[in-house]
K.L.:
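Below you will find the structure I want to go over with you.
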Amino acid sequence: MVRFKHRYLLCELVSDDPRCRLTLEDRVLVGLIRDTIARVHGTFGAAACSIGFAVRYLNAYTGIVLLRCRKEFYRLVWSALPFITYLESKGHRYPCFFNTLHVGGTIRTCQKFLIQYNRRQLLILLQNCTDEGEREAIQKSVAKSCLLEESSEEEGASDSGGEEAAEAMAS
Amino acid sequence: MEFEESWSQRIMRIDPSDYHYMKVCLEFEEHGIGLNAAQFKQLLVSALQELFGEVGAALPFDVLTYEEKTLKAILRVCNSGFVKLWSSLTMLGSYKGNKCAFRVIQVSPFLLALSGNSRELVLD
């Protein structure tokens, strides 16, 4: 009834350089997004977006980031994300960009979307795969995630195990 | 006593205008500082940029008239950017180190309304 409503932005960090994702850190990302919003939307935008802003989930291997912001100002944050062109840490600058995959009202909906997305990505990886050993590994993780999907449909519980397996194999 | 029947008819059309017109005046703390029209517009754009960023600085507005002696101007802005422009005029504090302030004299969705201002009438 009376509570602060948030929007969760599920983003993927896309970069040519493989070292870029490994340097992804909480504080680096928070500072970067805040600076970008201040540049694009001025003092008003920086103040409005930084109240409920937080990085809720960060995966350095797959480059998946979950940002939280207030519902009234989520469009300001969303529109500032394409203006991020590089990630800077320890003096190195890596060109990259943020791809917004999903906007959800709760962490649970974002997690459901991420599980489906990772399953689809596994299948795409399987198609583009060249190495035999990689192919076998991906096929194994696809089979595992399908089994987990069936068992979760029976039980009706969310499968975080499938997500973890999928993410570990998608690196 | 005869009286003539007269009836009057008033036609009022609610014509939504897409723009808002503002008559503003720039006041400096010190005297003797002048700006030409381009510098004036640049000042407004930088005020928008400070408060609303790059997106705010891209807000399309026009300086319809500008008097260099009195530093008065008439601005036109579309309805969606009206609040942004007025708030950034309010927050502007200085130009090149000189303290200044914007006085908003009159605001109207119709340009014709700016030609007469009852507040500027002087009683003899």
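First the proteins, then the strands, lettered A, B, ... as listed; each starts at 1.
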K.L.:
To the nearest 0.5 Å, what is the distance between CD on B/Gln49 and CZ on A/Arg39?
P.N.:
11.0 Å
K.L.:
Are there over 12 heavy-atom neighbours, none belonging to A/Phe113, within less than 6.0 Å of that residue's CZ?
P.N.:
yes
K.L.:
Could you measure the distance from the OG atom of B/Ser87 to the CZ atom of A/Phe44? Nearest 0.5 Å is fine.
P.N.:
8.0 Å
K.L.:
For atom NZ of B/Lys41, is the number of surrounding heavy atoms from other residues, nucleotides or ligands below 6.0 Å larger than 12?
P.N.:
yes
K.L.:
Please tabulate, one pair per line, all N/O donor-acceptor pairs under 3.5 Å involving side-chain atoms of residues 28-36 of chain B, not counting sequence neighbours.
P.N.:
residue	atom	partner	partner atom	Å
B/Asn36	OD1	B/Ala38	N	3.2
B/Asn36	OD1	B/Gln39	N	2.9

K.L.:
Minimum heavy-atom separation for B/Glu50 and A/Thr43, please, with both atom names.
P.N.:
O-OG1, 2.9 Å
K.L.:
Determine whether A/Leu66 and A/Trp78 fall in the same hydrophobic cluster, where Ile, Leu, Val, Met, Phe, Trp and Tyr are linked whenever their side-chain heavy atoms lie under 4.5 Å apart.
P.N.:
no
